[in-house]
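Order of appearance sets the numbers: ligands from 1, and atoms from 1 within every ligand.
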Amino acid sequence: MKPTHCPPRHVDWASGTLRGEPLIRKTTRLGALAGVFADEHAWRQGDPELAVYTVEMFDSPSGEGELYTGVTHLNPGRVGDEFFMTRGHFHARREQGEVYFGLRGEGFLLLQDEQGQTRLEKVAAGSVHIIPGNTAHRLINTGTEILSALAVWPTTAGHDYASLAGGFAKRITTHNLQLMAKEVQNG
Ligand code: PAN
Ligand code: ZN
């Protein structure tokens with residue numbers, strides 16, 4: 001007897017494009033990222049409608065034990081001398097972790113614990129990033145192409161953006177074509 005099967009959902013590994021239902025898509029534009037970039041003047045000069053990143057994810061049942069799967073597509077670009085990045089967050093359920101997989105482009109995953117200690121992991125096609133619980137996370141695109149990363153996380157994790165409203169303790173900028181990492185206080 002032939003095995004019966006359900007058609008699976010699908011990810012195109014090269015581009016991160018997801019196929020399958022139900023799919024949710026959300027684009028975050030420059031105008032929504034108030035307070036995220038250090039150079040407020042440069043941020044105000046930018047086009048508020050400019051797409052910075054899009055998250056595509058398979059919707060999942062909410063509830064303990066369920067998982068979301070989604071891809072973040074982070075465009076290349078800068079605000080002043082700082083690279084485009086996601087807003088970044090702790091999970092509302094602090095103890096819950098997440099796994100990111102680099103698909104294309106190049107950049108960093110910035111991790112920060114509750115004591116404010118930061119660390120950077122290089123993101124590129126094939127990189128695997130195990131984000132422990134109690135750790136805030138932000139993607140930064142330091143390349144010239146779209147940075148795409150697949151993520152899997154508990155549907156109960158939620159997002160706590162407010163705890164880092166003052167900013168992460170590290171910023172990645174460019175100066176004379178050189179990448180710079182700068183430790184900062186209160187963003
Ligand atoms: C990701 C992020 C996604 C967008 O799916 O939500 O990269 O970043 P912000 O939520 O910080 O805007 C994730 O980490 N989910 O938990
Ligand atoms: Zn997360």
Completion exercise
Those residues with a heavy-atom separation under 4.0 Å from ligand 1 are Tyr53, Val55, Thr72, Thr86, Arg87, Gly88, His89, His91, Glu98, Tyr100, His137, Trp153, His159, Tyr161
Practice task
Count, excluding waters, the protein N, O or S atoms that are closer to the Zn ion (ligand 2) than 2.8 Å.
Solution key: 4
Practice task
Provide the full list of salt bridge (Lys or Arg N to Asp or Glu O under 4.0 Å) pairs with a residue in residues 144-162, sequence neighbours left out, each pair given once.
Solution key: Arg94-Asp160
Exercise for the section: Name all residues meeting the side chain to side chain donor-acceptor pair (under 3.5 Å) criterion together with Thr118; count only those two or more places apart in sequence or in a different chain, and write none if there are none. Expected result: Lys170
Practice task
Any chance you could measure Glu21, atom CD, to Arg9, atom CZ, to the nearest 0.5 Å?
Solution key: 9.0 Å
Is there a donor-acceptor contact under 3.5 Å linking the side chains of [X] and [Y]?
X: Ser127; Y: His129; value: yes
X: His91; Y: Gln96; value: no
X: His137; Y: His89; value: yes

Exercise for the section: Please tell me if the side chains of Leu30 and Phe37 come closer than 4.5 Å, counting only heavy atoms from C-beta onward. Expected result: yes
Problem - Side-chain touch Leu18/Leu23, heavy atoms, less than 4.5 angstrom - result: yes
Problem - NZ/NE/NH1/NH2 to OD/OE distance under 4.0 Å, Arg93 and Glu64 - result: yes
